[in-house]
Protein chains: 2
Amino acid sequence: MTNIFDVAKKANVSKSTVSRVFSGSRHVSEKSRQKIIAAADELGYVPNILARQMRQQKTNIIGFVATSYYPAVGSLLSYITHIAEEKGYSVNVYFTKDKEQELNVLNYLKLHVLDGLFLVSTRNGWNTIKEFAKYGPISTWRRIDSCSIYSSYIDHYPLYKQILLYIENTYEVDSIGHILNDRKKSNTKARIKAINEFEHDYPCTDNNWQLFFPEQGGAGKQAALTYLKTTNPPKVVLAYSDYVAADFISTLREHQVDVPRDVKVFGFDNSDFGKYMNISTVDTYLEIQAINCINNIISRLENKKFEEIKITPKLIIRTTC
Amino acid sequence: MTNIFDVAKKANVSKSTVSRVFSGSRHVSEKSRQKIIAAADELGYVPNILARQMRQQKTNIIGFVATSYYPAVGSLLSYITHIAEEKGYSVNVYFTKDKEQELNVLNYLKLHVLDGLFLVSTRNGWNTIKEFAKYGPISTWRRIDSCSIYSSYIDHYPLYKQILLYIENTYEVDSIGHILNDRKKSNTKARIKAINEFEHDYPCTDNNWQLFFPEQGGAGKQAALTYLKTTNPPKVVLAYSDYVAADFISTLREHQVDVPRDVKVFGFDNSDFGKYMNISTVDTYLEIQAINCINNIISRLENKKFEEIKITPKLIIRTTC
DNA sequence: GTGAAAGCGCTAACAC
DNA sequence: GTGTTAGCGCTTTCAC
C-alpha cells in the first residue's frame with residue numbers, strides 16, 4: 001500500500017504538501033499540485049481513510065438507531081442514506097436490543113466513532129439521551145422539544161382531531177376505536193388529548209375501545225383478535241400506522257369481517273401498505289422529515305445554515321373508510 | 001480524553017500491559033489486571049476505537065450494498081444487522097447510484113474501511129466485482145457460482161417449474177403471463193428456462209405474455225397498465241415478487257378487474273405484502289439466506305468453520321390463486 | 001508556498 | 001508476565 005511519503009519522494013516534495021493537495025487546501029502552487037497528482041496517479045496512491053479518521057477523530061459516519069425493524073424504518077433509512085451519501089457521509093445502522101446497547105451507540109458519539117446520530121426509536125429516556133448531544137448532533141423524527149436534539153415531528157394532536165371530525169361529519173357512527181402506540185409516547189399523548197377534546201364536543205360518540213401496542217410487529221393482528229371478541233365493536237377503527245392497519249384488516253377479513261362494510265379503518269403515514277391495500281390514511285411526508293433530520297445533522301457538523309422544510313400533512317381517503 | 005498511557009502511569013505498568021488487558025490477551029497477571037481495571041475505571045478510560053482501527057487496519061464494519069430500496073432490502077438489512085451486532089460488527093449501508101459509486105464502495109474493502117461486503121444488488125458485472133474478493137469476504141443472496149464470492153441463492157428453475165405445474169394441474173387455463181425481472185439476471189434466465197421446458201411439455205398453454213422490469217418500483221403498476229391494454233390477457237400472472245404482485249393487483253382492482261375471478265396472481269418471496277394482501281406466493285426463506293451470507297463473511301474474517309443452513313422453498317397458496 | 005517535526009492512541013515484535 | 005520500542009499514515013502547527 002503506497003503512502004503519502006512515497007508520493008512525496010516521487011514528486012520531490014514533502015509529506016505536508018502532498019497532504020495539502022489531498023485534503024483540499026488551496027495553499028499549494030499549481031506546479032507542485034501537478035507533480036503530486038502525477039506521482040500519485042502513477043503509484044496508484046489513495047489516502048488512507050483510517051489514518052485520516054484517527055488523526056481528525058472524525059469518521060464521516062452517521063449512526064441510524066432503531067429498536068426494531070418495520071417498513072417505515074426502511075424508508076427512513078433509504079431517504080437518509082441517499083442524502084448522506086450525496087454529502088460525503090455514510091450511514092451505520094444499529095438495531096438496539098436493550099438500553100445498554102443503545103448507550104453503547106450513544107457513546108460512539110463521544111468516542112468519535114460516529115459524527116452524528118439519527119434516532120428512529122429509542123430505549124433510554126430523552127433525558128439520558130440529551131446528555132450525549134454535547135458530543136455531536138442528534139436528530140429524530142420523534143416529537144421532542146429540546147434545544148440540543150433536533151426533531152422534525154408532526155403534531156398528531158390537530159391531525160387526529162381533524163380525522164375524528166372527518167369521521168363524525170361523514171359517517172353516522174356512535175363509536176370510534178383506536179389502536180394506539182405506547183402510552184408514554186408523545187404522539188400517543190397528543191392523540192389521547194385529541195380524543196378527549198373530541199369526546200367533550202361530541203359526547204354521543206363512544207371512544208372507549210382503545211388498544212395500546214408499543215411495537216408495530218403483530219399489533220394489527222392482536223388488535224383484530226381483540227376486536228373479534230368485543231361485543232358491539234366500534235364501526236370505525238383508527239390505527240397508528242398503515243402497517244398496523246394492513247395487518248388489522250387482513251386478519252379481520254380472514255375472519256369474514258368485511259372492511260369497509262362492517263368496519264371502516266383509517267391508517268397513518270401513507271406507506272406502500274396503505275397504497276396497495278387502498279387504506280385511507282394520512283400523508284405525513286416521512287421523506288421530508290428524514291431530509292430535515294439529516295440536513296440538520298450535516299449542517300451542524302459543517303457549521304452551515306440549516307434550512308428546514310415545512311410539512312403540511314394531508315388526509316388521503318381511499319376505500320377502507 | 002484519557003489514553004492508554006495515563007492508565008499505565010496510574011497503575012504503574014507499561015502501555016503494553018494496559019493494551020493487553022483491553023484487547024483481551026490472557027498473558028496478564030491477575031494482580032496487574034486488577035490494578036489496571038481500577039485505574040481505568042477511575043480515569044474513565046475507554047480504548048480509542050479509531051486508533052485501534054488504524055493500527056490494525058480493520059474496522060469491524062461490514063458493508064451492505066444495494067442499488068435501490070424496496071421492502072425485501074429492509075428485511076435483509078434487519079436480519080444481517082442483528083447477527084452482525086451479536087458478533088461484534090456493525091453494518092454500513094450504501095445505496096449506489098452508478099457503477100463508479102459502487103466501485104468506490106468495493107474499494108473500501110481494499111482500503112480496509114470495510115472488512116466485508118454483502119451485496120443485495122449490483123451495478124458492475126460479477127467479473128469486475130470478483131476482483132475485489134481478494135481484499136475481503138464478499139457474499140450475496142444473488143445467484144452466482146464463484147469460489148471467491150459466497151452466494152446463498154435459491155434456484156428458481158425447479159421452483160418456477162413447480163409453480164407452472166401447480167397452475168396447469170389446478171386451473172383450466174390456456175395462457176400464463178409472466179412479470180419478470182431483468183433479462184440478464186440469472187433468476188430470470190432460470191425462469192425462462194423453466195417456461196421453455198414447460199411449453200415443450202404443455203404446448204397448449206401460451207406463455208408469451210412476458211414483461212421485464214429491472215426495478216421493482218413501479219413495475220407492478222406498469223405491468224397492470226399493459227395488462228389492461230392487452231386483448232385476451234392471460235388468466236394467471238406470475239410476478240417476481242410479492243411487492244410487484246401487490247402493486248399489480250391493486251392497480252388492476254382500481255380498474256375493476258377482479259382478482260382472483262378475472263385473473264389469478266402469484267407472488268414470490270413471502271413478504272409482508274403477500275401476507276396482508278393474501279397473495280399466493282413462495283417462501284424462499286429470505287432470513288436464512290441473509291443468515292448464511294453474514295455468517296459466511298464473519299467466519300471467513302475470523303477463520304472459523306462456516307456452517308451453511310440448507311433452504312427448501314415452499315409454495316404458499318392463499319386467495320389470489 | 002513549503003518543509004521539518006511532533007504527535008493522534010494504539011498494537012505487536014522482541015527482549016528479558 | 002512485563003516493558004521497550006518502533007511504527008500505523010496522516011494532519012498540523014511553526015518556522016522560513
Side-chain angles (χ1 to χ4, degrees), chain A residues 1-40 43-61 88 107-108 110-115 135 302, chain B residues 1-40 43-61 88 107-108 110-115 135 302:
Chain A
M1 203 88 268
T2 113
N3 65 21
I4 202 168
F5 189 69
D6 301 332
V7 179
K9 222 163 35 185
K10 184 154 198 120
N12 255 312
V13 293
S14 73
K15 289 196 306 181
S16 332
T17 312
V18 179
S19 169
R20 284 186 186 103
V21 169
F22 283 96
S23 44
S25 162
R26 281 184 283 55
H27 299 285
V28 182
S29 72
E30 199 43 46
K31 211 177 111 220
S32 303
R33 165 169 276 113
Q34 301 281 323
K35 273 197 306 190
I36 289 166
I37 296 284
L43 296 169
Y45 168 76
V46 183
N48 182 306
I49 302 181
L50 262 31
R52 184 178 280 173
Q53 287 182 359
M54 142 95 169
R55 184 57 234 246
Q56 312 192 132
Q57 293 291 304
K58 181 170 191 302
T59 55
N60 276 32
I61 301 176
N107 235 315
Y108 284 160
K110 192 169 170 182
L111 301 176
H112 308 289
V113 172
L114 298 174
D115 289 353
Y135 302 115
E302 303 181 346
Chain B
M1 204 88 266
T2 113
N3 65 24
I4 201 169
F5 189 68
D6 301 332
V7 179
K9 221 163 37 183
K10 185 155 197 119
N12 256 312
V13 293
S14 74
K15 291 197 301 179
S16 336
T17 312
V18 179
S19 170
R20 283 186 188 104
V21 169
F22 284 95
S23 44
S25 163
R26 280 183 283 62
H27 298 284
V28 182
S29 70
E30 199 44 45
K31 208 177 116 221
S32 304
R33 165 169 276 113
Q34 301 280 321
K35 272 197 308 188
I36 290 166
I37 297 284
L43 295 168
Y45 168 77
V46 183
N48 183 308
I49 302 182
L50 261 31
R52 183 178 283 172
Q53 288 181 359
M54 142 93 169
R55 182 60 233 249
Q56 310 192 139
Q57 293 293 303
K58 181 168 189 302
T59 55
N60 276 34
I61 300 177
N107 235 313
Y108 284 162
K110 193 168 167 182
L111 301 176
H112 308 289
V113 172
L114 298 175
D115 289 352
Y135 303 116
E302 303 182 346

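Protein chains get the first letters and strands the later ones, always in sequence-line order, with residue 1 at the start of each.
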Atom pair distance, as rounded to whole Å: [atom1] in [X] and [atom2] in [N]:
X      : N       : atom1 : atom2 : result
E30(A) : dT2(C)  : CD    : P     : 10 Å
N48(B) : dG7(C)  : CG    : P     : 17 Å
K15(A) : dC8(D)  : NZ    : C1'   : 11 Å
N3(B)  : dT11(C) : CG    : C1'   : 14 Å
R55(B) : dG7(C)  : CZ    : C1'   : 16 Å
L50(A) : dT11(D) : CG    : P     : 13 Å
Q57(B) : dA12(C) : CD    : P     : 12 Å
I49(A) : dT11(D) : CD1   : C1'   : 15 Å

Check every atom of [options] against the side chain of [X] and return the nucleotide holding the closest atom.
X      : options                  : answer
S23(A) : dT11(D), dT2(D), dG9(C)  : dT11(D)
Y45(B) : dC10(C), dT2(C), dC8(D)  : dC10(C)
P47(A) : dC10(D), dG9(C), dT11(C) : dC10(D)
S32(B) : dT2(D), dA4(C), dG9(D)   : dT2(D)
T17(B) : dA12(C), dT2(C), dT2(D)  : dT2(D)
Q56(A) : dG3(C), dT11(D), dG9(D)  : dT11(D)

Please check if the side chain of [X] supplies one atom and the backbone of [Y] the other of a donor-acceptor pair under 3.5 Å.
X      : Y      : value
S23(B) : S19(B) : yes
N3(B)  : D6(B)  : yes
Q56(A) : Q53(A) : no

Spell out yes or no: do the side chain of [X] and the base of [N] have one donor N/O and one acceptor N/O closer than 3.5 Å?
X      : N       : value
S19(B) : dA12(C) : no
R33(B) : dG1(D)  : no
S16(B) : dT4(D)  : yes

Residue whose nearest DNA chain C nucleotide is more 5′ - F22(B) or A51(A): A51(A)
Nearest-0.5 Å distance, NZ of residue K10(B) to CG of residue L43(B):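 Rounded to the nearest 0.5 Å, the NZ-CG separation comes out at 5.0 Å.
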Comparing V18(A) and K31(B) on DNA chain D - which has the more 5′ nearest nucleotide: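 Going by which nucleotide is closer to the 5' end, it is K31(B).
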Distance below 4.0 Å between R52(A) side-chain N/O and dT11(D) OP1 or OP2: yes
Sole candidate of I36(B), I4(B), I37(B) that passes side-chain contact (heavy atoms from CB on, under 4.5 Å) when paired with Y45(B): I4(B)
